Every structure is written in C-alpha cells, then in structure tokens.
Trainee: 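Supplied in structure tokens, the structure appears directly below.
What you see is a predicted model, and the numbers here were worked out from it, not measured in a lab.
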Amino acid sequence: MEGLSLNWKIACIQFDIAFGNPEANIDKVYKLLKVAGEEKPDIIVLPELWSTGYDLERLNKIADSGGFVTTKLLKSAAKELGVHIVGGSIAKKTNKGIYNTMLTVNNDGEVVGEYSKLHLFRLMDEHHYLQPGKTDGMFQLDGEHCAGFICYDIRFPEWIRAHTTKDAKAIFVVAEWPLARVEHWRTLLIARAIENQCFVIACNRSGADPNNAFAGHSMIINPWGEVLAEAGVGEEIITATVDLAKVDEVRKKIPIFEDRRPQYY
C-alpha cells in the first residue's frame with residue numbers, strides 16, 4: 001500500500017508442543033506471543049497443529065470446534081500486540097470433518113486468511129483423521145500478496161508456483177517436520193525461495209511426541225536463497241527483517257516469470 005514500508009520484521013516461534021493438551025498449549029502460546037511481541041515485530045508466525053500436536057487418534061475430542069477458541073486467542077493477541085499473526089495451524093472441527101487449518105489475523109484483529117492443508121501426509125496417517133482442504137492459501141498483509149502452506153505442501157512445487165504466479169512475494173510455511181528428514185526440510189525451503197524468487201518464512205516445531213522427534217530449524221530465507229535466520233533444534237524465537245522490494249529486484253534481474261512457457265508444461 002502507498003505510504004507503507006515494504007520492510008517487515010518477522011518472528012517465528014519454535015516450541016515444543018504438549019501432546020494432546022490444548023489447554024497447556026493455548027496458555028503457552030499466549031505467553032510466547034507476548035515474549036515475541038517485546039521485539040516489536042510486524043509479523044509473528046506459529047507452527048503447525050500447535051494446540052493439539054499430532055494426537056490424531058483423539059482429535060475428535062480435542063479439536064477446536066469451529067476454531068472458535070484459537071481464533072479468539074489469535075485475534076485478541078494480534079490487537080493487543082499490534083502485530084499480524086500467521087497462526088500456524090490448528091485442528092478445526094466442522095460438520096464435514098476435521099481440517100488442519102491455518103488462520104492469519106492482521107494487526108486489527110481481523111481474520112484475513114484461512115487455508116486448510118491440501119496435501120495430507122499419509123506417512124503420519126493424516127488421511128485417516130483429517131479432511132483435505134480445497135482452497136488456495138492466498139492472503140494479504142499491508143496490501144501485499146502472501147501465501148500460506150502447511151508442512152508436506154512444500155514437496156509440491158507446482159502448488160507453491162500456483163501462488164507466486166499470483167504475485168505472492170512472501171510464502172509462510174508452518175510445520176511439524178521430523179528430525180529424520182531435516183535436510184529435506186532445509187533443501188526444499190531454499191529451493192522454493194530460489195525458484196519462486198520470493199521470501200520463505202518457515203516455522204517448525206521443536207521437541208518430540210510419542211512417535212516422532214521434530215527438526216526445529218525454522219528459517220527465514222530471501223529470494224536469492226540466502227538464509228537470513230535459522231533456529232537450532234530446541235525452543236527458540238528467530239527474527240529477521242525482510243524487504244519486499246527485493247522480490248521485484250530479483251524477478252527483474254532473472255525474469256523467470258516472464259520467460260515461463262506454461263502452454264508446453
């Protein structure tokens with residue numbers, strides 16, 4: 001938007017999620033949001049399924065009905081802290097089933113994006129307990145086009161490209177990515193930044209649940225594929241400032257979007 005800075009200070013909150021305990025996680029996230037807010041970021045990002053973890057077998061009991069509890073928290077915190085929140089994702093219970101849903105709330109406390117995970121990860125039995133989404137992950141913050149994705153989505157470059165061809169300059173990835181495939185995580189995220197000439201902001205969880213150890217390594221990557229900030233494996237808040245004007249600069253220097261020939265793909 002005219003008159004607004006293109007610079008965003010972004011914070012990713014990487015933390016260990018209490019398995020199947022929404023009350024404990026909601027309390028922890030509220031406190032962590034306040035801690036992250038002390039650094040005066042423009043955007044705060046949370047990880048995937050932060051309210052329940054991967055307690056899929058009990059989701060019917062512990063999923064947030066209508067997303068009301070978690071939406072209320074995110075809206076309240078966004079207004080209180082004066083930040084945009086890319087709210088990771090939550091298990092949202094509806095009359096059509098349970099969805100793995102990302103909610104994005106602007107600094108006025110308004111929900112500006114809602115995306116349910118399109119690609120369900122069968123290795124962790126998501127397809128047995130969750131419904132796949134059917135909409136794209138586009139949203140706007142400060143008038144800029146962004147897109148949100150959830151974990152396994154990053155293995156589908158055509159899905160990411162479907163959003164960057166709509167001028168998404170920043171893509172937000174929230175995840176519970178396993179430690180066993182941490183190098184896939186890093187490589188795929190850097191590749192997605194380079195091939196789409198955009199910022200990639202990826203927030204993973206840390207810690208473990210009864211079935212998996214998680215990778216951490218939340219990352220903020222620029223359109224050249226350079227890592228601006230990266231966490232380790234433990235609980236950590238990383239921050240970096242991104243200049244969205246860099247996206248136009250890179251796309252002008254190597255004009256891949258102009259040179260695409262999708263009629264042959």
Trainee: Going through the distances and angles, do Asp167 and His145 end up as a side chain to side chain donor-acceptor pair (under 3.5 Å)?
Mentor: CA-CA 6 Å; Asp167 201 33; His145 294 292; 4.9 Å; no

Trainee: Short question: side chain of Asp209, backbone of Asn211 - any donor-acceptor pair under 3.5 Å?
Mentor: yes

Trainee: Please report the C-alpha distance between Thr104 and Phe139 in whole Å, then the side-chain angles of each, then the deciding distance to 0.1 Å, and finally whether the side chain to side chain contact (heavy atoms under 4.5 Å, CB included) criterion is met.
Mentor: CA-CA 8 Å; Thr104 300; Phe139 60 91; 3.7 Å; yes

Trainee: Do Phe172 and Cys146 come within less than 4.5 Å of each other through their side chains, counting heavy atoms only?
Mentor: yes

Trainee: Mind checking the CD1-CH2 spacing from Ile220 to Trp8? Nearest 0.5 Å is all I need.
Mentor: 12.5 Å

Trainee: Would you tell me whether His184 and Arg155 have side-chain atoms, one donor and one acceptor, within less than 3.5 Å of each other?
Mentor: yes

Trainee: Could you state whether Val173 and Met138 fall into the same hydrophobic cluster, counting links through intermediate Ile, Leu, Val, Met, Phe, Trp or Tyr residues with side-chain heavy atoms under 4.5 angstrom apart?
Mentor: no

Trainee: Under 3.5 Å, is there a donor-acceptor pair between the Ser51 and Asn25 side chains?
Mentor: no

Trainee: Does the side chain of Tyr54 pick up a donor-acceptor pair with the side chain of Glu126 at under 3.5 Å?
Mentor: yes

Trainee: Tell me whether the count of non-hydrogen atoms from other residues, nucleotides or ligands lying under 6.0 Å of CD in Gln140 goes above 12.
Mentor: yes

Trainee: Would you say Asp153's side chain and Ile150's backbone share a donor-acceptor pair under 3.5 angstrom?
Mentor: yes

Trainee: Do the non-hydrogen side-chain atoms of Glu48 and Lys117 ever get within less than 4.5 Å of each other?
Mentor: yes

Trainee: Can you give me every donor-acceptor pair (side chain of residues 84-91, partner residue at least two apart or in another chain, under 3.5 Å) with its distance?
Mentor:
| residue | atom | partner | partner atom | Å |
| --- | --- | --- | --- | --- |
| His84 | ND1 | Asn107 | N | 3.0 |
| His84 | NE2 | Asp142 | OD1 | 3.1 |
| His84 | NE2 | Asp142 | OD2 | 3.3 |
| Ser89 | OG | Leu49 | N | 2.9 |
| Ser89 | OG | Asn100 | OD1 | 2.6 |

Trainee: Would you give the length of the straight line joining atom CG of Asn106 to atom NZ of Lys79, rounded to the nearest 0.5 angstrom?
Mentor: 10.0 Å

Trainee: Check this for me: Lys9, atom NZ, are more than 12 non-hydrogen atoms of other residues, nucleotides or ligands nearer than 6.0 Å?
Mentor: yes

Trainee: Got Thr239 and Ile10 here, is their nearest side-chain heavy-atom distance under 4.5 Å?
Mentor: no

Trainee: Could you tell me whether the side chain of Asn196 and the main chain of Arg192 form a donor-acceptor pair under 3.5 Å?
Mentor: yes

Trainee: Please give me the minimum heavy-atom distance between His119 and Tyr152, naming the atom from each residue.
Mentor: O-CD2, 3.5 Å

Trainee: With a 4.5 Å limit on heavy-atom distance, are the side chains of Ile26 and Val29 in contact?
Mentor: no

Trainee: What pairs with Arg260 under side chain to side chain contact (heavy atoms under 4.5 Å, CB included), at least two apart in sequence or on another chain?
Mentor: Arg161, Thr165, Phe257, Pro262, Tyr265

Trainee: Run the salt-bridge test on Lys75 and Glu110 with the 4.0 Å N-O cut-off and return the result as yes or no.
Mentor: no

Trainee: Indicate the atoms forming the closest heavy-atom contact of Ile221 with Ala193, along with that distance.
Mentor: CG2-CB, 3.7 Å

Trainee: Looking at every non-hydrogen atom in both residues, tell me the closest pair between Ala175 and Trp185 and how far apart they are.
Mentor: CB-CZ3, 3.5 Å

Trainee: Give a yes-or-no answer on whether the side chains of Gln14 and Ser218 include a donor-acceptor pair shorter than 3.5 Å.
Mentor: yes

Trainee: Under 4.0 Å between a Lys/Arg side-chain N and an Asp/Glu carboxylate O for Glu258 and Arg251?
Mentor: no

Trainee: Do you know the tightest heavy-atom contact between Ala229 and Ile238?
Mentor: O-CD1, 4.0 Å

Trainee: Please determine if Asp64 and Lys93 form a salt bridge, counting it only when a charged side-chain N lies under 4.0 Å from a carboxylate O.
Mentor: no

Trainee: Rounded to the nearest 0.5 Å, what separates atom CG in Leu228 from atom CZ in Phe199?
Mentor: 6.5 Å

Trainee: What's the shortest heavy-atom distance between Tyr115 and Gly148, and which atoms?
Mentor: CD2-O, 3.5 Å

Trainee: Could you check Lys96 against Gln131 for side chain to side chain contact (heavy atoms under 4.5 Å, CB included), going step by step and ending with a plain yes or no?
Mentor: CA-CA 8 Å; Lys96 294 183 179 179; Gln131 299 297 314; 5.8 Å; no

Trainee: Kindly indicate whether the side chain of Phe149, heavy atoms from C-beta on, has any atom under 4.5 Å from the side chain of Ile171.
Mentor: yes

Trainee: Hey, does Trp224 have a side-chain heavy atom less than 4.5 Å from the side chain of Ile254?
Mentor: yes

Trainee: Taking Trp177 for its side chain and Arg181 for its backbone only, find out whether a donor-acceptor pair lies under 3.5 Å.
Mentor: yes

Trainee: Decide salt bridge (Lys or Arg N to Asp or Glu O under 4.0 Å) for Arg205 and Asp16; before the verdict, give the C-alpha distance in whole Å, the side-chain angles of both, and the deciding distance to 0.1 Å.
Mentor: CA-CA 6 Å; Arg205 69 163 288 181; Asp16 190 3; 2.6 Å; yes

Trainee: Thinking salt bridges, do Lys246 and Asp243 make one under a 4.0 Å N-O criterion?
Mentor: no

Trainee: What's the shortest heavy-atom distance between Pro22 and Ile62, and which atoms?
Mentor: CG-O, 3.7 Å

Trainee: Could you list who else is in Tyr99's hydrophobic cluster, with ILVMFWY side chains joined at under 4.5 Å, directly or through other members?
Mentor: none

Trainee: For a 4.5 angstrom cut-off between non-hydrogen side-chain atoms, does Val83 reach Ile43?
Mentor: no

Trainee: Got a salt bridge between Lys252 and Glu249, using NZ or NE/NH1/NH2 to carboxylate O under 4.0 Å?
Mentor: no

Trainee: Are any of the side-chain heavy atoms of Val233 and Phe214 separated by less than 4.5 Å?
Mentor: no

Trainee: Answer yes or no: is there an ion pair linking Lys169 with Asp248, defined by an N-O contact shorter than 4.0 Å?
Mentor: yes

Trainee: Going by atom types only, do Tyr30 and Glu80 share a side-chain donor-acceptor pair under 3.5 Å?
Mentor: yes

Trainee: Looking at Gly232, is its backbone amide N or carbonyl O close enough to the side chain of Glu236 to form a donor-acceptor pair, meaning the two atoms are under 3.5 Å apart?
Mentor: yes

